[in-house]
Structures are given as structure tokens and as C-alpha cells.
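Okay, so here's the structure we're looking at.
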Amino acid sequence: YIICGESGSGKSTIIDLLLGLYKPISGNISIGKVSLSEVSRESLKKTIAVVSQEPLLFNDDILSNIRLWNSEVSDDSIKQICKSVRLDEYIEGLPEGYKTKLSKLGENISVGQKQRIAVARAIALNCPIIVFDEATSAVDGITKEEIYKVIDLLKKDHIVIEVDHRLIGIENAKKIVVVKNGSILASGPHKDIIKKCSYYKAIYQSEKVILKGDISK
């Protein structure tokens with residue numbers, strides 16, 4: 001599922017509501033047949049994992065940062081997860097490997113590696129729903145492509161909700177929600193809404209122009 005729209009359209013507000021950070025003024029949010037208002041914060045943390053634009057890393061080793069909210073996940077499982085997000089070679093190449101200490105907010109590693117650690121942490125939580133909130137906006141092209149590959153793998157047995165200003169791979173989304181000025185203009189698969197929503201068609205075509213420019217460079 002992809003939520004798209006221009007900056008300030010309300011995409012992140014939808015995610016904040018889904019995470020229970022705000023209560024809706026009207027209407028209701030349900031997971032399956034259960035209203036979010038009836039779900040405890042503890043249960044919600046076990047249901048939804050989030051990879052944000054600016055992941056929060058702690059002044060601890062890499063292993064602890066990935067295990068963070070799931071003390072039951074084994075070292076071997078974490079190493080397998082890191083392999084799936086192509087983080088294993090980088091970590092194993094460090095002098096202290098998985099025990100490498102991160103500085104405050106992960107300032108001693110690149111933005112791309114921070115995002116990969118955040119993705120590994122989300123997978124380690126073993127939640128049925130994973131939200132990617134502008135998770136690739138600050139990384140380089142190669143890291144972006146690698147994260148999209150991981151998302152494709154996760155779609156097989158997770159519900160993946162993606163908020164992104166870039167529309168890479170949007171044609172393959174099960175459902176797209178187009179947001180503008182706090183309202184939903186259209187929702188459905190790409191082939192349907194590109195015919196009936198001129199706003200979506202315009203941002204989709206402009207994105208194609210941008211991508212062609214990136215490729216030419």
C-alpha cells in the first residue's frame with residue numbers, strides 16, 4: 001500500500017493516526033475488525049513497526065540497536081536479517097563487528113547505514129505491519145534501490161505501508177491512496193486511478209521525467 005501526494009498533503013498525519021500518536025477528530029481506524037481505540041499501546045507496538053526518515057539510533061552497539069524492542073531475537077537471527085538487508089558485509093568488516101559502538105544518534109556511520117539498521121530493527125520486531133515513512137528520501141540511489149528490494153521481499157508475508165514522495169515501483173502496489181490538502185482524492189491500483197485522477201497522473205508523469213534525468217546522469 002502506498003500513500004502519495006505532495007509535501008504537506010497529510011501523508012505523515014495519516015501515519016501518526018495509524019500509530020496512535022493522535023486520536024481522530026471523527027471517523028474510526030480499525031486493524032481488521034478491531035478499533036484502534038480498543039488496542040493498548042503495548043499491543044500496537046507488537047503490531048506495527050516503523051522505518052522513519054530520520055531513524056533514532058542509540059549510543060550502544062549495533063547488535064543492541066537492532067535488537068532494541070525485541071529481547072527474544074537471537075544473535076543468529078539478527079545476522080540473517082542483516083544479510084537480507086545487505087548490511088552484513090559492512091558490519092563484519094568493522095573492527096568490532098556487531099559489537100561496534102555507535103555514537104550519539106549514529107553520527108559515526110553514514111545515512112545509508114543508519115537506514116539499513118533501522119530496516120533491520122523493524123524486521124527484528126516481527127510485526128505483521130511495517131510502515132516506511134519517507135524512509136528512502138535521504139539516502140543515495142544505490143541504497144534506495146536496495147531498500148526497495150527489501151520492501152519487495154517483505155510484501156510476501158507482511159502488510160507494507162509506504163509513504164514516499166518518489167514513485168519508484170508504484171505501478172506494482174496493491175493499492176495507492178492519493179492525498180491532497182488533507183483529503184483522499186482517489187484510491188485503488190495504479191491502472192485505475194491514473195485514468196480517473198488528473199492530480200495523480202500529473203505527479204506520476206513529472207516523477208517519470210525526474211527519474212529519466214537521474215538515469216541520464
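Contact of the N70 side chain with the V73 side chain is registered, since non-hydrogen atoms from C-beta on lie closer than 4.5 Å. Between V178 and I193 there is a side-chain heavy-atom pair separated by less than 4.5 Å. For the pair I123 and V150, the minimum side-chain heavy-atom distance is below 4.5 Å. Contact check for I81 versus L87: no side-chain heavy atoms found under the 4.5 Å cut-off. Between V179 and S9, some side-chain heavy-atom pair lies under the 4.5 Å cut-off. Annotation: side chain of I15 is in contact with side chain of I3 (closest heavy-atom distance under 4.5 Å). Using a 4.5 Å cut-off on side-chain heavy atoms (C-beta onward), Y148 and E162 make contact. When side chains are defined from C-beta on, I66 counts as touching C82, because their heavy atoms get closer than 4.5 Å.
Here the closest heavy-atom approach between residue G97 and residue I62 is recorded as O-CD1, 4.2 Å. L17 approaches P24 most closely through the heavy-atom pair CD2-N, 3.7 Å. Here the closest heavy-atom approach between residue C197 and residue L185 is recorded as SG-CB, 4.3 Å. The nearest pair of heavy atoms linking I170 to C4 is CD1-SG, 4.3 Å. Closest heavy-atom contact between R116 and V85: NH1-O, 3.0 Å. Summarising the geometry of I176 relative to P189, their closest heavy-atom pair is CD1-C, 4.3 Å, with the distance given to 0.1 Å.
Other residues, nucleotides and ligands contribute only 12 or fewer heavy atoms inside 6.0 Å of the NZ atom of K175. More than 12 non-hydrogen atoms from other residues, nucleotides or ligands lie less than 6.0 angstrom from CD of E107. Residue E92 qualifies as enclosed at atom CD: its count of foreign heavy atoms under 6.0 Å is above 12.
With rounding to the nearest 0.5 angstrom, the CG atom of D133 is 4.0 Å from the OG atom of S12. Taking CG of L154 as the start and CD1 of I129 as the end, the distance is 13.5 Å to the nearest 0.5 Å. Taking CG from D60 and OG1 from T100, the interatomic distance works out to 11.5 Å, rounded to the nearest 0.5 Å. Taken to the nearest 0.5 Å, the CG atom of L102 stands 11.0 Å off from the CD atom of Q113. The CD1 atom of I117 sits 12.0 Å away from the CG atom of L68 when rounded to the nearest 0.5 Å. Atom CG of L19 sits about 10.0 Å away from atom OG of S52, to the nearest 0.5 Å.
F58 and L125 fall within a single hydrophobic cluster, where Ile, Leu, Val, Met, Phe, Trp and Tyr side chains are chained together by heavy-atom contacts under 4.5 Å. Hydrophobic clustering (ILVMFWY, side-chain heavy atoms < 4.5 Å, transitive): L63 and L94 are in one cluster.
A donor and an acceptor atom, one from each side chain of S64 and D61, are located under 3.5 Å apart.
Each of V177, I159, V160 was evaluated against Y1; a single residue qualifies, I159, per the side-chain contact (heavy atoms from CB on, under 4.5 Å) test.
With S103 contributing its side chain and G106 its backbone, the two residues share no donor-acceptor pair below 3.5 Å. K11 places a side-chain N or O within 3.5 Å of a backbone atom of G5 that can act as its donor or acceptor partner.
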K45 vs V50, side-chain contact (heavy atoms from CB on, under 4.5 Å): CA-CA, chis, key distance, verdict: CA-CA 10 Å; K45 283 168 63 178; V50 184; over 6 Å; no
Worked check of side-chain contact (heavy atoms from CB on, under 4.5 Å) between I161 and L18: CA-CA 11 Å; I161 300 172; L18 180 62; 3.7 Å; yes
Full working for side-chain contact (heavy atoms from CB on, under 4.5 Å) between I130 and I48: CA-CA 6 Å; I130 301 181; I48 306 175; over 6 Å; no
F132 vs I151, side-chain contact (heavy atoms from CB on, under 4.5 Å): CA-CA, chis, key distance, verdict: CA-CA 9 Å; F132 289 83; I151 291 173; 3.7 Å; yes
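With sequence neighbours excluded, the residues that form a side-chain contact (heavy atoms from CB on, under 4.5 Å) with Q53 are E134, S137. Residues meeting the ring-ring contact (aromatic ring centres under 6.0 Å, His included) test with H190, sequence neighbours left out: Y200, Y204. For K195, the salt bridge (charged side-chain N to carboxylate O under 4.0 Å, His left out) criterion is met by no residue, not counting sequence neighbours. Contacts of D152 classified as side-chain contact (heavy atoms from CB on, under 4.5 Å), with partners at least two apart in sequence or in another chain: K155. Residues passing the side-chain contact (heavy atoms from CB on, under 4.5 Å) test with K149 are E146, sequence neighbours excluded.
Note on R67 versus D75: salt bridge recorded, some NZ/NE/NH1/NH2 to OD/OE distance being below 4.0 Å.
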Side chains of residues 25-38: which donor-acceptor partners sit under 3.5 Å, not counting sequence neighbours?
residue	atom	partner	partner atom	Å
N28	OD1	S35	OG	2.8
N28	ND2	S30	OG	3.1
S35	OG	S37	N	3.3
S35	OG	S37	OG	2.8

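Relative to the six-membered ring of Y98, K79 meets both conditions, a distance below 6.0 Å and an angle of at most 45° to the axis.
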